[in-house]
Amino acid sequence: MKKIFYVFLFIQSMMKLYGQGHYNGSSFNPNDYFAPHEGFIIPVWYGYANMNYFNGQGKKTDHLINPVPGNPTALQIEQKVITHSFILMAIYGGKGKILGANWGLMVIPTINSPTANIALDYYSQQTGPGSYVFTNKSLGFGDMYVQPIWLSWKQGRFQYALNYGVWAPTGKYEHGSLDNGGHGYWSHNIRGALKYKATSKINLSIAPTLEINQWQKNTDFKEGSHLTFDLGGSYLLNARGNEVGVFGNYSKQISDDKGTEGSFLSDQNAGIGAFGSYWIVPHRIGIMARVTQNFATENRFGGIAFQTGVNFLIPAK
């Protein structure tokens, strides 16, 4: 049975919605870690996020203390960063096998208003105490996600996947600017995934993702690596392929930031959410909506995010 692919970010939104680094947990639906059927999938999505800052004790606050080496900085910051994002994705399911696996490719450019992690980047670059307000409401290109390695194998009730993707710093970035649309650095995502088909209608999956970041452009700062665990399940409603599901995630920074500038706050985040999909034209045009709520957020922005969109499928001939 074919499925609708929801591939998000910041997007995030794969747009950057609520934190540090590029990848956010539950950016994919539970079945979407695995290579698609042969042909093209063109998703067009809109994302909305409403985020607030949470300190190291997990409390919502407008007081940010950034432990910059040699110059700890205390700031009063604006809460409630609202993001609007638009994503046009291109997904290709390849013909034949590579190493005995189904394979695919994915490209996700993003257009968004400034995201919560861009706001946090701005706040963390301030070098003196005081009150700061992130006021940029512009709309522009964000960073782009490219996934050139997307392999999945099937064995009985189990399916396995190996993915590698890279976030390219295509969004505008200038140190300390309010007009930034991107992070100004490359991020590498390495992911493994396992899916178990419990019944003819129920799938369960788990997918750990390691994100490794490079040095930020024109800045003496390198964001620490993050490890994210995504898990979830889906239920097939009928023969048309309509589907509902739930998902959750936990992300934690596992290495220290480097350099003398930027955010030196070790962060974590968790989230839970649900999605539903419906075929307007079976296996040709489908719609989907999803919602995510964060919790256990520390030293980053967290809140609620909603995405909806349309997927166009062009099967291989």
Side-chain angles (χ1 to χ4, degrees), residues 1-9 11-14 17-18 23-37 41 43 45 47 89 91 93 101-102 104 106 147 150-163 165 189-210 227-252 268-279 282-283 286-297 302 304-309 311 313:
M1 184 67 67
K2 292 186 178 180
K3 56 182 178 293
I4 296 181
F5 265 71
Y6 165 80
V7 189
F8 167 71
L9 227 294
I11 319 178
Q12 160 205 327
S13 96
M14 214 112 18
L17 285 177
Y18 39 78
Y23 180 71
N24 292 295
S26 298
S27 290
F28 297 86
N29 279 340
N31 293 321
D32 295 348
Y33 306 104
F34 306 89
H37 293 270
I41 306 171
W45 284 85
M89 294 170 265
I91 298 169
N102 295 324
M106 183 192 308
Q147 186 168 292
W150 193 1
L151 303 173
S152 60
W153 297 263
K154 187 175 182 181
Q155 185 177 20
R157 290 178 175 266
F158 291 93
Q159 200 167 351
Y160 313 89
L162 176 64
N163 307 336
N189 289 180
I190 303 168
R191 178 183 303 110
L194 170 66
K195 180 166 69 173
Y196 175 66
K197 193 174 185 64
T199 71
S200 61
K201 293 187 175 183
I202 298 176
N203 287 311
L204 304 173
S205 69
I206 184 170
T209 299
L210 174 65
L227 181 62
T228 301
F229 288 91
D230 293 301
L231 68 161
S234 63
Y235 180 79
L236 188 65
L237 294 172
N238 50 41
R240 288 174 58 92
N242 300 333
E243 192 176 48
V244 295
V246 295
F247 51 80
N249 71 84
Y250 174 73
S251 179
K252 186 172 181 62
Q268 70 171 40
N269 193 37
I272 190 170
F275 75 93
S277 66
Y278 175 79
W279 289 102
H283 313 313
I287 58 175
M288 181 180 288
R290 70 193 323 257
V291 63
T292 307
Q293 176 63 56
N294 295 133
F295 62 95
T297 303
I304 190 168
F306 172 79
Q307 300 89 35
T308 187
N311 294 317
L313 278 67

Pairwise distance [atom1]([X]) to [atom2]([Y]) - rounded to 0.5 angstrom:
X	Y	atom1	atom2	result
N163	M106	CG	CE	7.0 Å
I287	N311	CD1	CG	10.0 Å
N269	N24	CG	CG	7.5 Å
W150	D32	CH2	CG	7.0 Å
Q268	L227	CD	CG	12.5 Å
R157	K195	CZ	NZ	13.0 Å

Exercise. Go through the steps for N29 and E243 under the test side-chain hydrogen bond (donor to acceptor under 3.5 Å, both in side chains), then give the verdict.
Key: CA-CA 11 Å; N29 279 340; E243 192 176 48; over 6 Å; no
Contacts of type side-chain contact (heavy atoms from CB on, under 4.5 Å), residue [X], not counting sequence neighbours:
X	result
L237	Y235, N242, V244
A270	Y250, F295, A296
S200	none
L231	I206

Quiz item: Would you say K154 has more than 12 foreign heavy atoms packed within less than 6.0 Å of its NZ?
Solution: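 No, not enclosed.
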Quiz prompt | Flag, side chain of R191 to backbone of A207, donor-acceptor distance under 3.5 Å | solution =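 Flag not set: sc R191 to bb A207 has no pair under 3.5 Å.
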Self-check item: Exam field: side chain S152 to backbone A35, donor-acceptor pair closer than 3.5 Å
Solution: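 At least one qualifying donor-acceptor pair exists.
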Could you tell me if the side chain of [Y] sits less than 4.5 Å from the side chain of [X], heavy atoms only?
X	Y	result
F34	N102	no
M288	W45	yes
I304	V291	yes
L313	H37	no
Q307	F275	no
I91	P43	yes

Nearest heavy-atom pair of [X] and [Y]: which atoms, and what distance?
X	Y	answer
N294	T297	CB-OG1, 3.8 Å
P208	G192	CD-O, 3.1 Å
S26	F247	OG-CD1, 3.3 Å
P36	G93	CG-CA, 3.7 Å

Exercise. Quick one: list whatever passes side-chain hydrogen bond (donor to acceptor under 3.5 Å, both in side chains) with S205, sequence neighbours left out.
Key: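 Checked S205 against side-chain hydrogen bond (donor to acceptor under 3.5 Å, both in side chains); zero matches.
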Exercise. Report the residues that fulfil side-chain hydrogen bond (donor to acceptor under 3.5 Å, both in side chains) with D230, sequence neighbours left out, ordered by chain and then residue number.
Key: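 Partners of D230 by the side-chain hydrogen bond (donor to acceptor under 3.5 Å, both in side chains) criterion, ordered by chain and then number, come out as Y23.
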Exercise. Assess whether side-chain contact (heavy atoms from CB on, under 4.5 Å) is satisfied between F229 and K252, documenting all intermediate values.
Key: CA-CA 9 Å; F229 288 91; K252 186 172 181 62; over 6 Å; no
Exercise. Report the residues that fulfil ring pair (Phe, Tyr, Trp, His ring centres under 6.0 Å) with F158, sequence neighbours left out, ordered by chain and then residue number.
Key: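 Only Y196 meet the ring pair (Phe, Tyr, Trp, His ring centres under 6.0 Å) criterion with F158.
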